[in-house]
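Below is one structure, written out as structure tokens, with a few remarks after it.
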There are 2 protein chains.
Amino acid sequence: MPASIGDVAEHAGVSVATVSRALRGLPNVAPSTRARVLEAAARLGYVADARAAGLASGRTRTIGVAVPLIGPWFFSQVLAGVEAVVTDRDLDLLVLTVDDDAGRQRLASGARLRGRVDGVIAVDVALTEEQRATLAANDLPAVLVGLRGEDLPCVLVDNVEVGRTATEHLLSLGHTRIGLVGHARDDPLRFSVPEERRRGYHEALAAAGIEPDPRLELDGNFSIPGGAEAAEALLALPEPPTAILAMSDEMAFGCLRLARQRGLAVPGDLSVVGVDDHDVAAAWDLTTVSQPVQGMGEQAAELLLAVIDAGATAPAHLTVPSRLRVRGTTGPAKADRTPSRSTQDAIT
Amino acid sequence: MPASIGDVAEHAGVSVATVSRALRGLPNVAPSTRARVLEAAARLGYVADARAAGLASGRTRTIGVAVPLIGPWFFSQVLAGVEAVVTDRDLDLLVLTVDDDAGRQRLASGARLRGRVDGVIAVDVALTEEQRATLAANDLPAVLVGLRGEDLPCVLVDNVEVGRTATEHLLSLGHTRIGLVGHARDDPLRFSVPEERRRGYHEALAAAGIEPDPRLELDGNFSIPGGAEAAEALLALPEPPTAILAMSDEMAFGCLRLARQRGLAVPGDLSVVGVDDHDVAAAWDLTTVSQPVQGMGEQAAELLLAVIDAGATAPAHLTVPSRLRVRGTTGPAKADRTPSRSTQDAIT
DNA sequence: GCAGGCGGAGCAAGCGCTTTCAGGGCTGCG
DNA sequence: CGCAGCCCTGAAAGCGCTTGCTCCGCCTGC
């Protein structure tokens with residue numbers, strides 16, 4: 001039903017080849033001819049069929065982004081960053097969620113993507129070594145975000161540093177018992193970020209001569225309720241922490257909620273530091289380690305476009321800076337006093 | 001470079017037609033032949049080129065979603081809802097941002113989408129009457145979310161009711177001066193939601209016999225900082241409101257932040273109600289009017305798929321329910337006392 | 001005045017699939 | 001035993017573009 005290039009050619013009295021060239025602004029088309037073609041195309045409301053154009057040209061003018069989930073703040077911000085660059089270049093954005101191993105395998109093998117995208121950005125998609133190799137060996141340009149891949153370009157945050165920075169901040173305030181709320185330890189493959197941040201936490205503790213206490217390290221599921229539960233468990237310990245490092249702002253929000261419910265003053269009774277600099281972190285006055293999430297999406301997109309345009313270059317590993325943002329949820333540890341709830345416990 | 005259907009045919013010793021049928025599970029293929037084809041395809045790592053398949057079949061197996069922005073909570077949730085349905089049907093998701101009139105025009109005319117998607121969902125894209133007609137006349141199946149369109153199926157919230165419900169809640173608590181924080185009045189076309197919510201607010205006030213005060217209605221830009229600014233301006237009024245209805249939770253967060261900075265007790269000195277039931281609203285104990293955002297995305301996707309599968313049916317108009325969620329940021333108005341800051345002002 | 005060059009346009013060969021139509025071997029029934 | 005009919009398979013015609021190659025004038029440069 002829609003007008004095809006042949007219709008335009010007919011109306012303009014030229015060949016389809018000329019229509020194609022005229023419409024795409026290629027040289028070797030006389031101005032008067034081009035004008036006639038443009039006029040005819042406009043009159044017919046003609047738009048080139050993307051499939052046909054792609055088939056013939058070998059390109060799709062689309063780039064794909066694989067994320068585990070779309071809804072969470074982090075991923076939507078990365079998507080927004082990618083989108084900005086992609087739209088700027090007049091390309092389209094295909095979003096696919098990859099949250100299980102079948103999906104990772106499909107992504108790595110290029111299935112489901114062939115003829116769909118010119119390149120793909122995988123955000124926090126925990127590919128196995130083998131899958132990464134498959135992806136790299138594939139002809140499909142790919143960029144990783146959040147996770148390392150030797151043979152692929154990637155955009156990373158130094159998560160060890162993130163963990164260390166946050167921990168050092170709390171140590172510098174005099175805290176010695178610092179809770180860590182993050183992801184479950186038994187899942188290193190799916191998502192290596194928590195493990196790295198935990199390492200930074202341990203390094204900082206070690207540098208301060210503090211023995212890590214495994215009971216202070218809990219899973220928070222990277223969600224608000226998860227953070228609240230973890231905080232609850234931490235505060236129920238015989239010797240509860242005076243500060244909590246949550247590996248994401250969302251978990252930190254959960255901790256803050258629980259603290260409020262318990263009637264604990266923040267940072268008076270409990271200090272909390274998060275990671276991300278979530279949109280609402282500032283509104284909550286949350287001390288956090290910020291990372292340029294949207295910027296990571298942009299960088300990844302730029303990297304990918306460079307690979308697509310320039311062909312296979314040496315895989316660049318980009319490390320973006322993180323930065324401690326001290327706000328109101330962290331303060332000096334009270335030397336003489338553990339949080340009120342445990343004080344009660346101690347009295348009884 | 002990737003294997004083509006011809007390679008598979010050759011390896012399996014059959015024709016391309018048979019490969020195509022075998023791989024897509026069509027009938028009239030002998031089991032033994034199918035097995036041979038599958039084996040060959042697996043060995044070669046063959047995947048059909050989406051463009052070629054689409055060109056030949058006329059379908060793209062992709063559906064498009066147009067949003068003004070990707071990053072904000074609301075849109076990312078709608079996207080997630082659409083994604084769930086789309087992935088479930090083994091389709092792909094193309095995301096495009098439409099934030100200016102050129103973009104709206106392109107969307108309506110189907111440019112940039114031809115040969116890319118089988119249908120499109122437009123979320124809060126404020127098309128003109130003419131653009132909506134163009135879109136409807138187009139052969140491209142489309143569903144609207146958030147904004148009404150007579151000749152197109154759409155998924156809506158009764159925003160008048162949202163405004164009324166929230167306002168009635170505050171009225172029932174004894175508030176009579178209620179600030180309204182939303183979008184600028186002079187932009188009715190781009191985004192009709194604020195206008196509708198404002199109408200509900202006015203209706204509730206009228207029912208309570210209260211004369212609306214234009215000075216109480218301010219723009220909040222649907223952002224946290226915008227909400228904070230609006231709250232600041234409201235509290236600086238000679239007769240400041242004792243409650244604020246923010247048209248989004250994000251703006252409500254801004255109000256809460258400002259209240260805390262000003263040392264105002266919530267809800268003691270100031271009640272705040274939002275709209276959305278944002279992920280962190282519960283953590284903040286924010287009273288709000290919830291709407292099933294993700295569900296709206298799902299519904300829209302289902303509606304679109306129905307249109308695509310069944311052809312043009314009568315455009316369905318789906319209204320999803322909103323619901324007041326009373327939490328801790330709203331409380332009784334103090335009859336004898338305006339918020340502390342204005343009390344100071346009154347004293348001087 | 002003529003050859004070489006160049007800008008402008010068309011022809012036609014794909015791009016890699018899907019799908020219609022035709023055909024060949026069998027089975028089953030008369 | 002013969003023919004209708006059914007299964008399975010292949011040949012080939014597109015789908016709607018892009019692009020390499022060819023061709024045709026006309027303008028330079030010597």
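The figures that follow rest on heavy atoms only: side chains count, while hydrogens, waters and symmetry mates do not. Proteins come first, then strands; the chains are lettered A, B, ... in the order of their sequence lines, and each starts at number 1.
Atoms CZ (R36(B)) and C1' (dC8(D)) sit 12 Å apart, rounded to a whole Å. The separation between L23(A) atom CG and dT18(D) atom P is 8 Å, rounded to whole Å. Rounded to whole Å, atom P of dC11(C) lies 14 Å from atom CD1 of I5(A). Rounded to a whole Å, the CG atom of L55(B) is 14 Å from the P atom of dC15(C). Following rounding to the nearest Å, R59(A) (CZ) and dG16(C) (C1') show an atom-to-atom distance of 17 Å. Atom CZ in R24(B) sits roughly 15 Å away from atom P in dT9(D) (whole-Å rounding). Distance CD (E10(B)) to C1' (dG10(D)): 16 Å, rounded to an integer number of Å. dG10(D) atom P lies 13 Å from atom CG of N28(B), rounded to whole Å.
Judged purely by atom type and a 3.5 angstrom limit, D7(B) uses its side chain to pair as donor or acceptor with the backbone of S4(B). In terms of modelled atom types and a separation under 3.5 Å, the side chain of Q77(A) and the main chain of G71(B) share a donor-acceptor contact. A donor-acceptor distance shorter than 3.5 angstrom exists from the side chain of N138(A) to the backbone of S109(A), with no hydrogens or angles considered.
The phosphate of dG16(C) (OP1 or OP2) has no side-chain N or O of S4(B) nearer than 4.0 angstrom.
Looking at heavy-atom distances under 4.0 Å, D49(B) makes contact with sugar-phosphate atoms alone, never a base. Nucleic acid contact class of R34(B) (heavy atoms, under 4.0 Å, all strands): none. Residue contacts shown for A53(A) are limited to sugar-phosphate atoms, with no base heavy atom under 4.0 Å away. Among the atoms of the strands shown, base atoms are found under 4.0 Å from some heavy atom of A17(B). Within 4.0 Å (heavy atoms only), R21(B) reaches at least one base atom of the nucleic acid.
Salt bridge absent: R116(B) and D49(A) never bring a charged side-chain N and a carboxylate O closer than 4.0 Å.
Listed nucleotides dT18(C), dC17(C), dG16(D) differ in distance to R114(A); the shortest reach to its side chain belongs to dC17(C). Distances from the side chain of S15(B) to the nucleotides dT19(D), dG10(D), dG16(C) place dG10(D) closest. Side-chain atoms of S57(A) lie closest to dT18(D) of the nucleotides dT18(D), dC8(D), dC17(C). Counting only heavy atoms from C-beta on, A56(A) has its side chain closest to dC15(C) among dC15(C), dT18(C), dG10(C). Closest contact between the side chain of T18(B) and the listed nucleotides dT9(D), dT18(D), dT18(C) involves dT9(D).
Taking a 6.0 Å sphere around CZ of R59(A), one finds it holds 12 or fewer heavy atoms contributed by other residues, nucleotides or ligands.
When each of P31(B) and L26(A) is assigned the nucleotide of DNA chain D with its nearest heavy atom, P31(B) is the one assigned upstream, toward the 5' end.
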